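Treat the numbers as computed from the prediction; the structure is a model and nothing was measured. We name chains A, B, ... by the order of the sequence lines, and we start the count at 1 in each one.
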Amino acid sequence: MIAFAAVCDAVAATPATLLKIERLAGYLRSLGRDDLNAASRFLGGDPLGASDARRLAIGGRTLLNAAHRVWAFDDESLSTAYRATGDLGEALARLFREPAAPALFAETLTPASLAAILDEIASVGGAAAGKKRAYACERILRACHTERETAYAVKILTGDLRIGLREGFVLAAIAAAFGRDAAAVRRAAMAAGDIGAVVLAAREGTLERIELRFGSPIGFMLASPMAFESSYRELDGATWIADDKYDGIRAQAHKRGTEVRLFSRTFSDIGRTFPEIVSALARQAADFILDGEIVARRDGRSLPFRYLQPRLQRNDPSAGMQDEIPAAFVAFDAIALGREFLVDRTLAERRSLLAAQLAPGGAFELAPAFALEANATPELVRELFAAARERGNEGLMLKRADAPYVPGRRGKWWLKLKRELSTLDCVVVAVESGHGKRANVLSDYTFAVRASAERDELLTIGKAYTGLTDAEIATMTEWFLEHRIGGGRRTFAVEPAIVVEIAFDIIQKSSLHPSGYALRFPRIVRLRPDKRVDEIDTLDDVERIYREMLEREGVER
DNA sequence: TTGAGGTGCACC
DNA sequence: CTTCCGC
DNA sequence: GCGGAAGGTGCACCTCAA
């Protein structure tokens with residue numbers, strides 16, 4: 001793994017993407033089959049391969065404990081190392097020690113041998129599984145003979161290399177390494193779901209043999225956000241199809257013959273979580289691959305996401321649970337119908353084939369589509385949005401009628417439109433340093449509302465880390481360091497004086513924060529230097545927003 | 001044997 | 001999922 | 001357009017003490 005680490009360091013050191021790709025391509029070309037397969041997966045951030053349903057189940061805690069057993073460092077040096085680097089791999093690399101007496105049969109890591117250990121880890125289960133995984137972690141760490149090897153072995157285990165490269169660039173490097181067409185490599189990657197298979201095919205010149213297949217998940221087409229209540233000029237000059245934006249979980253349904261499979265966005269097989277959907281799909285005559293959303297439904301209306309949540313990650317739900325929270329698959333696109341793949345057809349064609357060949361029923365629904373002629377007015381968009389909300393959905397999707405299905409990409413073919421629920425003026429009461437590139441700034445803010453207009457007690461309601469520019473974070477860091485009032489090394493209390501406006505999509509009851517509420521997707525809209533702490537919002541305001549949200553949802557409780 | 005707590009992860 | 005930034 | 005940073009909820013699975 002010494003060469004792997006050297007390449008990663010070189011990639012991390014250059015911001016130029018073309019140089020990253022070139023350096024990476026040279027390395028890939030130098031590898032034999034097994035190392036090539038493993039190294040590509042590691043670089044892509046998915047050490048087992050995306051189509052592998054197994055999990056490593058190794059997190060920071062397990063790694064830390066294993067490292068502690070191997071190198072016996074004290075807590076102080078660990079926190080110093082972590083504070084300096086903001087990255088577990090880099091921190092543990094600093095604590096790396098060459099053993100005093102070299103072991104007789106010291107193990108050496110190569111990408112392939114590391115992959116073999118990871119495969120063992122992923123296969124562990126049952127009693128003492130945690131101990132076996134921890135032991136395998138130790139074995140990996142002991143097999144590291146340099147600091148840099150240690151850093152990258154740990155980064156591979158945590159799934160985050162942080163060298164300014166992810167799958168997109170790795171695919172470009174694969175194309176460059178073996179002189180293949182970059183588009184062909186991308187296409188193969190979305191069909192294979194495993195970068196290791198792609199790199200080998202690229203080397204052998206057999207990329208075109210990797211094809212979309214029934215039963216193997218395909219990347220989901222993604223949408224870009226569109227600003228709410230703008231002039232919607234993005235829509236000019238094309239015809240669009242509007243869908244409701246469903247607040248559930250995105251899913252891909254495959255049917256071939258009697259076999260039905262459901263996949264989540266991360267390609268996990270979720271058929272056993274939603275058996276009523278699987279049986280509804282099985283009743284269809286046609287074979288298909290469909291794109292849609294699993295939504296909690298009642299009386300023809302969508303329920304908010306929180307209703308669906310207890311059903312997630314739960315296999316074989318009881319009849320009572322299925323009855324209490326009925327789930328439905330709402331199909332809004334067809335990737336394949338019958339034997340034919342439709343990714344290169346237009347959305348308009350795919351939608352009409354979908355409506356013509358499938359019959360909704362039970363837990364299977366077809367999403368109603370609304371056509372927008374060229375140059376749709378903002379008023380029409382507003383009406384469609386309001387109607388979608390009226391049906392219990394989160395917002396609106398606008399999709400170019402002539403768009404192909406582009407798996408795994410976020411483009412301008414699909415736009416999503418949603419509205420923040422509200423904003424709250426809060427005061428920052430505690431701050432925390434970030435991770436990675438934010439290790440040396442205070443970027444994570446815990447904020448609070450006032451108990452009431454009369455009582456100036458502050459009740460925390462959430463944390464946010466996004467919305468400020470780097471420059472603002474830098475300024476705030478200085479201020480917070482000068483106005484700290486609490487202990488703690490990574491997290492500490494600060495004078496409650498910085499007022500921030502926080503936007504959010506959902507408010508919910510929660511035991512996490514003393515206010516009794518928590519926010520979904522909190523983000524800092526702006527600093528409010530014009531506001532004093534006694535002018536921020538109160539718990540009454542929070543409760544009012546919560547009640548209004550429930551009323552608007554039109555769902556009891 | 002049970003249940004609380006730790007840990008990891010998958011959804012948004 | 002979200003937002004922003006820097007390349 | 002990509003990569004990096006990181007909130008909140010709730011389930012599965014394992015560990016360990018009673």
[X] side-chain proximity, nearest of [options]:
X        : options               : result
A:Asp247 : D:dG4, D:dA6, B:dC12  : B:dC12
A:Ala128 : D:dC11, D:dT9, D:dT15 : D:dT15
A:Ser443 : D:dA6, D:dT9, B:dC11  : D:dA6
A:Ala57  : B:dC11, D:dG3, B:dG8  : B:dG8
A:Lys412 : D:dG1, D:dG8, D:dC11  : D:dG1
A:Arg438 : D:dA5, D:dC11, D:dG7  : D:dA5
A:Lys437 : D:dG4, D:dG10, D:dA6  : D:dG4
A:Asp444 : D:dC14, D:dT9, D:dA6  : D:dA6

Distance between P atoms of B:dC12 and D:dA5 (Å, rounded): 22 Å

Just call it for [X]: base, sugar-phosphate, or nothing, with non-hydrogen atoms closer than 4.0 Å on any strand.
X        : value
A:Glu472 : nothing
A:Lys416 : sugar-phosphate
A:Lys132 : nothing
A:Leu519 : sugar-phosphate
A:Ser264 : sugar-phosphate
A:Ala503 : nothing
A:Ile524 : nothing
A:Ile270 : sugar-phosphate
A:Gly411 : nothing
A:Phe504 : nothing
A:Leu171 : nothing
A:Ile58  : sugar-phosphate

Of A:Asp470 and A:Lys245, the one whose closest DNA chain C nucleotide lies more 5': A:Lys245

Which residue lies more 5' along DNA chain C, comparing A:Ala16 with A:Tyr465 via nearest heavy atoms: A:Tyr465

[X] versus [Y], closest heavy-atom pair with distance:
X        : Y        : result
A:Arg272 : A:Pro317 : O-CD, 3.4 Å
A:Leu141 : A:Leu63  : CD1-O, 4.3 Å
A:His513 : A:Gly462 : NE2-CA, 3.4 Å

Between A:Asp87 and A:Tyr82, a side-chain donor and acceptor under 3.5 Å: no

First encountered from the 5' end of DNA chain D, between A:Ser224 and A:Lys463: A:Ser224

First encountered from the 5' end of DNA chain D, between A:Phe305 and A:Leu161: A:Leu161

Cation-aromatic face contact A:Lys418/A:Phe385, 6.0 Å, 45 degrees: no

Option from A:Trp479, A:Phe480, A:Phe492 for which ring pair (Phe, Tyr, Trp, His ring centres under 6.0 Å) with A:Tyr445 holds: A:Phe480

Residue matched to D:dA6 through Watson-Crick or wobble contacts both under 3.5 angstrom: none

Any-strand Watson-Crick or G-U partner of C:dT2, both distances under 3.5 Å: none

Note, A:Thr62 side chain near A:Leu157 side chain (heavy atom, < 4.5 Å): no

Side-chain N or O of A:His513 closer than 4.0 Å to phosphate OP1/OP2 of D:dG7: no

